[in-house]
*Asks:* 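Here's a structure for you.
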Amino acid sequence: MIAERQDQNAADPEMRRRLFAFNGGFFFQKRLRRMLSLAGYDLRLGRPTPDDLVALWGQSPTAWRGQAMAEKYGTERLYVEDAFLRSLFPGRTGKQPPMGLFLDRSGPHFDPAQPSDLEQLLATAPLDDTALLNRSRAAIARIREAHLTKYCAVDPSLPHPDPGYVLVIDQTRGDASVTASGADDAAFREMLVFAQEEHPGCRVLIKTHPETAQGHRPGYFGPGDESDRVKLIDAPYSPWALFEGAVGVYTMSSQVGFEAIFAGHKPRVFGQPFYAGWGLTDDERPVPRRQRILTRAQLFAAAMILYPLWYDPSRNRLCEIETVIDHLDAEARAWREDHRGWNAHGMRLWKRRHIQRFFGHHTPVTFGKPPSGRREMVWGQKDGPEGAVRVEDGFLRSRGLGAELVPPLSLALDDLGIYYAPSCPSRLEALITARAELRPDQSLRAQKVMKTIRHLGLSKYNIGTSLPALPEGRRILVPGQVEDDASILLGAGDIRTNAALLQEVRAANPDAVILYKPHPDVSAGLRSGAVPDAAALADVIVENVDMAALLDAVEEVWTMTSGTGFEALLRGRRVVTYGAPFYAGWGLTEDRGPVPLRRSADVSLHGLVHAALIDYPRYLDPVTGRPCPVETALDRLARGDIPHPGLANRLLSKIQGAFASYATLWRR
């Protein structure tokens with residue numbers, strides 16, 4: 001892969017190229033330095049030689065310094081720019097470093113004065129590899145689905161304008177791509193006139209640039225351009241949502257015009273951006289040398305896969321575009337759900353710090369305050385305001401027990417119900433139903449997640465020792481549960497205790513080897529659910545053993561509602577349920593409990609995994625403290641990069657567990 005080759009170049013001093021810079025940003029921005037180093041460049045101050053390179057940040061105000069030094073010493077130039085998927089916010093707003101760079105030896109990609117490396121790729125590269133084009137189509141679909149753009153702090157939930165409008169894209173005044181196209185105020189006015197004349201009777205919406213909307217840089221349009229027919233929109237609309245209702249898209253040289261192509265539009269282009277001239281745009285000022293006709297997938301492959309340098313912020317290494325999409329999807333989801341602020345209820349004191357880390361990055365979480373316009377959240381099934389979003393642990397949680405106050409790597413928000421309460425629909429149910437149909441890339445991603453879990457031997461808590469010697473025969477695992485746990489109280493059928501489950505499994509399988517594993521919280525003395533006569537019902541009682549290894553050693557899992565059944569499905573095991581866990585009712589398990597009839601979709605195992613491990617939970621990288629995709633969480637679990645509570649927390653966990661069990665008995 002490209003990233004692997006670049007990493008090798010970075011590690012080999014003989015292959016590194018000296019790169020001289022005369023712009024402070026190259027030295028002050030840590031990630032920029034790191035990405036250049038990974039790409040094989042040795043960033044330096046001083047006087048270059050003809051064998052070196054001079055770094056230029058596009059056509060920035062300080063680029064003249066590097067230009068002058070390159071001309072003086074006869075040194076080749078390296079033009080550096082942000083890639084088209086950058087961050088949540090513009091650099092001036094959020095102080096966030098880019099996720100990708102363009103490194104071009106020929107010229108800035110936005111300057112039509114000479115062919116850039118990107119233009120040469122578009123004009124001459126074969127771009128006919130089936131695997132590459134399939135990657136392009138998959139990435140386009142994911143970017144659209146996640147509403148990703150260069151600056152991803154957009155809100156798809158904003159009410160869409162009524163369809164039938166013309167969309168005109170504004171840009172920041174003096175933007176390098178505008179000046180490189182030779183455009184000015186008059187050119188933007190002309191574009192607005194064309195938009196109205198070519199679509200008589202249609203409304204015209206002018207989308208302002210994010211930096212203009214936030215007051216950092218003026219645009220070419222303002223309130224004076226509004227009329228009964230023309231309106232400015234400066235709310236953080238998703239471009240992908242605006243494309244849906246547009247009958248035409250007009251742009252000078254904005255990246256939004258590039259994105260419009262992949263939404264099915266043929267944008268009207270009045271400048272000379274890199275994406276004009278390939279048969280996918282209607283060009284007012286064509287670039288004569290661009291004569292090749294490309295498909296959308298080919299344009300994307302060159303501009304988004306072959307040309308950029310992409311960076312993985314969790315692993316601190318170069319990567320492919322798919323990894324960047326994973327990370328930006330996680331970052332964007334967190335911003336969209338959190339930026340209005342949360343007010344949390346029913347959170348124990350030890351959880352509040354972790355709730356703050358998960359949901360308070362953009363606006364700090366408040367706890368137990370009166371309603372104030374913030375969104376309300378409540379832990380599990382605890383009492384909270386009407387309509388509050390419910391929060392629970394995800395299915396890949398930690399290295400250690402929640403009852404021992406080990407902080408989670410994943411939490412799930414559910415605005416419809418909660419996944420272990422089958423009496424009403426949940427957001428997870430809706431996601432599972434939606435994944436009855438998967439694109440090939442979605443199925444492949446779920447398959448890779450499953451393979452990683454199996455290969456690394458991961459489970460929900462990731463604790464335990466190696467397996468003891470087990471009897472031969474058809475082995476059935478019966479996972480014990482906490483009997484006053486909400487999943488039992490709300491989701492179990494007629495069988496509601498560990499003892500009753502063991503009796504049922506033994507009666508149904510008299511010749512099988514039954515392995516009983518008490519729940520770790522019960523074994524640790526933290527919760528209720530002990531079975532005093534378990535040895536009379538099971539052939540082997542396995543405690544404190546690694547769950548992943550145990551699942552590899554059995555053929556079947558029989559359970560009430562335990563998440564172990566889901567983990568068994570990941571490993572291809574037969575699963576029999578006596579309750580209604582979230583994974584029952586989709587044709588993947590043998591259900592002997594009261595499964596809701598609404599679970600009627602025919603869902604594959606890949607669809608279930610995509611919904612439960614990719615779509616539903618949110619993950620937090622314990623190393624960077626940032627939202628992350630499931631792949632990063634798996635990597636952290638495998639490497640053990642997980643914080644663990646100290647002695648004080650473990651003692652507190654025992655007190656809280658004892659109190660919780662007592663309170664449950666008292667309510668009964």
Side-chain angles (χ1 to χ4, degrees), residues 21-26 29 32 55-68 77 79-84 86-87 89-96 98 101-102 104 107-114 116 118-119 149-151 153 167-195 206-226 230 232-234 236 239 249-260 267-276 283-285 287:
F22 304 92
N23 177 326
F26 282 100
Q29 296 182 31
L32 177 57
L56 305 173
W57 189 266
Q59 293 180 347
S60 66
T62 58
W64 65 269
R65 301 173 190 163
Q67 291 280 17
R77 299 158 179 81
Y79 296 90
V80 185
E81 272 284 346
D82 291 334
F84 296 140
R86 186 192 187 280
S87 53
F89 307 103
R92 290 179 176 84
T93 303
K95 306 299 182 186
Q96 292 183 315
L101 294 175
F102 296 144
D104 202 305
H109 70 86
F110 52 77
D111 189 351
Q114 69 286 314
S116 65
L118 174 55
E119 183 176 329
T149 181
K150 186 170 186 177
Y151 309 119
L167 187 62
V168 174
I169 311 302
D170 195 9
Q171 294 176 247
T172 55
R173 188 171 291 273
D175 181 79
S177 72
V178 174
T179 57
S181 291
D184 54 15
D185 283 272
F188 277 83
R189 296 291 175 274
E190 179 187 37
M191 179 170 65
L192 183 58
V193 169
F194 269 80
I206 300 175
K207 183 186 183 303
T208 60
H209 191 278
E211 289 187 315
T212 302
Q214 294 159 9
H216 294 286
R217 298 171 69 187
Y220 286 92
F221 296 114
D225 296 293
E226 292 189 299
V230 178
L232 290 169
I233 53 171
D234 57 7
V249 177
Y250 285 67
T251 182
M252 190 64 62
S253 57
S254 170
Q255 181 189 317
V256 177
F258 174 62
E259 294 167 345
R268 189 85 155 84
V269 178
F270 285 74
Q272 295 179 317
F274 76 92
Y275 56 85
D283 303 325
E284 183 67 16
R285 297 173 54 217
V287 180

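Excluded from the calculations below are hydrogen atoms, water molecules and symmetry mates; all remaining heavy atoms, backbone and side chain alike, are included. Along the sequence shown, the residues carry numbers beginning at 1.
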*Asks:* Return the set of residues passing side-chain contact (heavy atoms from CB on, under 4.5 Å) with A55 (not counting sequence neighbours), or none when no residue passes.
*Replies:* L19, A21, F26

*Asks:* For the side chain of T208 and the backbone of I233, is there at least one donor-acceptor N/O pair under 3.5 Å apart?
*Replies:* yes

*Asks:* Please list all pairs meeting salt bridge (charged side-chain N to carboxylate O under 4.0 Å, His left out) that have one or both residues in residues 167-178, counting only residues at least two apart or in different chains.
*Replies:* R173-D185

*Asks:* For Y220, give me all partners under side-chain hydrogen bond (donor to acceptor under 3.5 Å, both in side chains), at least two apart in sequence or on another chain.
*Replies:* none

*Asks:* Under the side-chain contact (heavy atoms from CB on, under 4.5 Å) rule, collect the residues that match up with Q29, sequence neighbours excluded.
*Replies:* L32

*Asks:* Would you find a donor on one side and an acceptor on the other, under 3.5 Å apart, between the side chain of T179 and the backbone of A176?
*Replies:* yes

*Asks:* With sequence neighbours excluded, tell me which residues meet salt bridge (charged side-chain N to carboxylate O under 4.0 Å, His left out) with R285.
*Replies:* none

*Asks:* E259: what forms a side-chain hydrogen bond (donor to acceptor under 3.5 Å, both in side chains) with it, not counting sequence neighbours?
*Replies:* T149, Q255

*Asks:* Quick one: CZ on F221 to CG on L232, what's the gap to the nearest 0.5 Å?
*Replies:* 9.0 Å

*Asks:* Test: salt bridge (charged side-chain N to carboxylate O under 4.0 Å, His left out). Region: residues 209-223. Which pairs qualify, not counting sequence neighbours?
*Replies:* R92-E211, E211-R217

*Asks:* In sequence, state the C-alpha distance, the side-chain angles, and the governing distance for D104 and R77, and then conclude on salt bridge (Lys or Arg N to Asp or Glu O under 4.0 Å).
*Replies:* CA-CA 8 Å; D104 202 305; R77 299 158 179 81; over 6 Å; no

*Asks:* Name all residues meeting the side-chain hydrogen bond (donor to acceptor under 3.5 Å, both in side chains) criterion together with R86; count only those two or more places apart in sequence or in a different chain, and write none if there are none.
*Replies:* D82

*Asks:* Counting distance only, does the side-chain N/O of E81 pair as donor-acceptor with the main-chain N or O of W57 below 3.5 Å?
*Replies:* no

*Asks:* Does the side chain of M191 reach to within under 4.5 Å of the side chain of F194, using non-hydrogen atoms?
*Replies:* no

*Asks:* Measuring from F110:CZ to F102:CZ, what's the distance to the nearest 0.5 Å?
*Replies:* 11.0 Å

*Asks:* Which value, rounded to the nearest 0.5 Å, describes the distance between S254 atom OG and F270 atom CZ?
*Replies:* 14.0 Å

*Asks:* By side-chain hydrogen bond (donor to acceptor under 3.5 Å, both in side chains), which residues pair with S181, not counting sequence neighbours?
*Replies:* none

*Asks:* By ring-ring contact (aromatic ring centres under 6.0 Å, His included), which residues pair with F274, not counting sequence neighbours?
*Replies:* F84, H109, F258

*Asks:* Is any side-chain heavy atom of L167 less than 4.5 Å from a side-chain heavy atom of K207?
*Replies:* yes

*Asks:* Minimum heavy-atom separation for V168 and A195, please, with both atom names.
*Replies:* CG2-CB, 3.7 Å

*Asks:* With no hydrogens and no angle check, do the side chains of Q171 and S253 hold a donor and an acceptor under 3.5 Å apart?
*Replies:* yes

*Asks:* Excluding sequence neighbours, so at least two apart, what forms side-chain contact (heavy atoms from CB on, under 4.5 Å) with A276?
*Replies:* V269, P273, T281, D283, R290

